[in-house]
2 protein chains.
Amino acid sequence: MNGDDREAAILETCEVLLETHSLHELSVDVIARGAGISRSSFYFYFPSKEAVLLSLMDRVIGEANARRDAAFAAVGPDPRELCRVGITAFYDTFREHRAVSLAAADSRDRLPEARELWSRVMDGWVELTAGLIALQPRTGAAAAVSPRDLATALNLMNERVLHATFAQDTPSIDEASVVDTLVAIWTAAIFGPAPDPGTTPERT
Amino acid sequence: MNGDDREAAILETCEVLLETHSLHELSVDVIARGAGISRSSFYFYFPSKEAVLLSLMDRVIGEANARRDAAFAAVGPDPRELCRVGITAFYDTFREHRAVSLAAADSRDRLPEARELWSRVMDGWVELTAGLIALQPRTGAAAAVSPRDLATALNLMNERVLHATFAQDTPSIDEASVVDTLVAIWTAAIFGPAPDPGTTPERT
DNA sequence: GGCAAAATCGACACGGTGTCGATACGCTGC
DNA sequence: GCAGCGTATCGACACCGTGTCGATTTTGCC
C-alpha cells in the first residue's frame, strides 16, 4: 500500500468513523489503527485529525459546487426554479456526506481554517442569491431589506435547518419535507405572493 | 468568601473569560485561578468546566423567557407585533450574553446536556410560533407547508442568523439591520403579502 | 544488489483532566 | 475558650491524548 492509498484510507476511515462519533470523540489512535497504521505514522500524512476533516470538507464542498453548477445549467432562467434546484443541490450533497457536514459545522467554531473555508462557500452562495434577488421586483420581504441581508439570512437558514434535519435534532424538519419548506420560505421572501396558480412554469 | 460567593465568582469569571476565549481554549486551571482558588478546589463546586457553561446557559435562557413573556404581555394581540417583540426579546437577551450564547452553540454538538437544554428552549419557541401560524389564513409560505415545519425553519433561521451576527461571521448581517431582516422574512412567510399600508393594526 | 527516499514505529515529554486523602477554616453548642 | 463537625482548600497522583524525534524497515529505481 503506497502513500496515496494510505492517505485515502485515512480519509475513508475518518469519514466512516464520523458516522457514529463526533470528531472530538475520535482519537488519532483509532483513526490510524482503522487505516492500518500506528498513531505516529498517522502524522506522516496529516498534521492532526482536524486536518483530515478539512480535507474531507474540501471534497464535499467541491462536489456541492459542481452539483449546483450542473443543476443551474440544466434548468431555464426562471428564478423560482433556480432557487429550487440550488437548494436541492445543497441538500443532496450534504445529505450524502451527512457525517462530514455535521462534523464540519461542529468544529467550525474552534477551527479557524474550517471557519474560513466555510465562510468562502457561504459567501459564494450569498453572492449568487443576492444577485438573483436584485433582479426581482421589490415585493415580499425584499421590499424592506437589502438583497444581501435577505440572501444572507436565507442561506444561513438553509444551513441551520439542514443541519438540524441531518442531526435529527429537536426541533427539526423531516427529510421528506425540508426542501419544500425551505423553498416555500425563499419564495415568499423573494417573490412575495404565490404565483398565479394558472401559470406554473411548465404550462405555456 | 463563602461557598455561594465562590460559586458565583466561578460563574462570573467564566463568563468574562468566554468573551475572549472559546470554552475549549479555557482550562479548569485558569477559570479556578480567576475565581481565586486552586484547580482542585474548582471541583468542589462544579464537576467540569462544561457544567459551568450549563449553569450559565440556564441563567440566560431564564432571562430570555422572562423577557419574552414580559414583551408579549406588553403588546396587543396583533400577530405581526407578537413576532417582532418575540424576536427582539430573543435578540436582546442573547446580545447581552453574547459570549455565553456563542459558547453554548459551540458546545451543543458535543455536550448532550447542552443539546437537550437548548432543544427544550427551541421547542418552546416553535410551539408558540406554530400556534400563531395556525391562526392565520393560509397565505404566504404557510400555504404549502405545515405550521410546525414553517415555525421550525423560522426559529432555526433566527438562531443561526443571530449567532452569525454576534460572532461577526462572514457572511453575517449587521446588528443594526438583523432584527428587521428577520421580521421581514417572518412576515412574508407567515402573513404573505405586505399589509395594506392604509390599515395599520391600531385602526379598527 | 545497493542506495536514497518513503514510510513506519516506539519512546518520550508535555499539558490537561479528575480523584483522593490530608489539612485548614469557621461555626455552633457547651 | 474549646471541642467537634461540616465546609472548604490544596498538593500529589494516575490517566489519557497529543505531537515530536530519532531509529529502523520497506520500497522503488538504477
Side-chain angles (χ1 to χ4, degrees), chain A residues 1-57 99 103-104 106-115, chain B residues 1-57 99 103-104 106-115:
Chain A
M1 198 177 234
N2 73 22
D4 287 350
D5 290 346
R6 195 65 85 181
E7 186 173 323
I10 293 174
L11 289 166
E12 174 61 17
T13 301
C14 192
E15 181 155 10
V16 169
L17 289 172
L18 284 174
E19 310 274 352
T20 49
H21 303 79
S22 74
L23 186 64
H24 104 282
E25 287 170 341
L26 296 178
S27 67
V28 170
D29 195 59
V30 304
I31 300 171
R33 296 298 170 193
I37 52 176
S38 74
R39 194 177 65 83
S40 37
S41 290
F42 169 93
Y43 290 98
F44 181 80
Y45 296 99
F46 293 96
S48 66
K49 64 185 180 183
E50 285 78 16
V52 180
L53 178 61
L54 262 299
S55 193
L56 290 170
M57 278 178 72
D106 185 10
S107 58
R108 213 171 38 212
D109 298 274
R110 70 210 120 126
L111 268 184
E113 288 152 308
R115 190 209 313 275
Chain B
M1 199 176 234
N2 73 24
D4 287 351
D5 291 344
R6 196 65 84 182
E7 186 173 323
I10 293 174
L11 289 166
E12 174 62 17
T13 301
C14 192
E15 181 154 10
V16 169
L17 290 173
L18 284 174
E19 310 274 352
T20 49
H21 303 79
S22 74
L23 185 64
H24 106 280
E25 287 169 342
L26 296 178
S27 67
V28 170
D29 195 59
V30 303
I31 300 172
R33 296 298 171 194
I37 52 177
S38 73
R39 195 178 64 85
S40 36
S41 291
F42 169 92
Y43 290 99
F44 182 79
Y45 296 99
F46 293 96
S48 67
K49 63 184 181 183
E50 285 78 16
V52 180
L53 178 62
L54 263 298
S55 193
L56 289 170
M57 278 178 73
D106 184 11
S107 58
R108 212 170 39 214
D109 298 273
R110 68 212 121 128
L111 268 185
E113 288 152 306
R115 189 210 312 275

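Letters A, B, ... are given to chains in the order of the sequence lines, protein chains preceding strands, and every chain is numbered from 1. This structure is a prediction, so every number in the text was calculated from the model and none was measured.
- One interatomic measurement links the two molecules: CG of B:D29 to P of C:dC14, which rounds to 17 Å at whole-angstrom precision.
- Here the NE2-CZ distance, from A:H24 to A:R110, works out to 7.5 Å after rounding to the nearest 0.5 Å.
- With hydrogens and angles disregarded, no donor-acceptor distance shorter than 3.5 Å links the side chain of A:K49 to the backbone of A:I31.
- In the set D:dA12, C:dT17, D:dT18, C:dT17 carries the atom at the smallest distance from any side-chain atom of B:S27.
- Rounded to an integer number of Å, the gap from NE2 of A:H24 to P of C:dG16 is 16 Å.
- Looking at heavy atoms from C-beta onward, A:V28 lies out of side-chain contact with A:F46 at the 4.5 angstrom threshold.
- Between the C1' atom of C:dT8 and the CD atom of A:E7 lies a distance of 16 Å, rounded to the nearest Å.
- Distances shorter than 4.0 Å separate none of the side-chain N or O atoms of A:R6 from OP1 or OP2 on C:dA6.
- One finds no side-chain N or O of B:K49 lying less than 4.0 angstrom from the OP1 or OP2 phosphate oxygen of C:dG16.
- One distance of note links CG of B:D106 with CG of B:L111; it measures 9.5 Å at 0.5 Å rounding.
- At whole-Å resolution of the value, CD in B:E50 and C1' in C:dT17 are 10 Å apart.
- Contact check, B:S41 against D:dC10: a side-chain N or O comes under 4.0 Å of OP1 or OP2.
- At least one donor-acceptor pair closer than 3.5 Å links the side chain of A:R6 to the backbone N or O of A:A35.
- As a whole-Å value, the separation of B:F46 CZ from D:dT9 P is 13 Å.
- Among the nucleotides C:dG18, C:dT8, D:dA8, the one closest to any side-chain atom of B:S48 is C:dG18.
- Atoms CD1 (B:I37) and C1' (D:dA8) sit 10 Å apart, rounded to a whole Å.
- When rounded to the nearest whole Å, the span between CG of A:D4 and C1' of C:dA6 equals 12 Å.
- The nucleotide whose nearest atom lies closest to any side-chain atom of B:F44 is, among D:dT18, C:dT8, D:dT9, D:dT9.
- Applying the 4.0 Å criterion to OP1 and OP2 of C:dC9, one finds that A:S40 has every side-chain N and O outside that range.
- One can place OH of B:Y43 at 14 Å from C1' of C:dC20, the figure rounded to the nearest angstrom.
- Interface remark: the B:R39 side chain does not form any donor-acceptor pair with the C:dG16 base, using a distance-only criterion of under 3.5 Å.
- Look at A:Y45 and you'll find a side-chain N or O under 4.0 angstrom from OP1 or OP2 of C:dT8.
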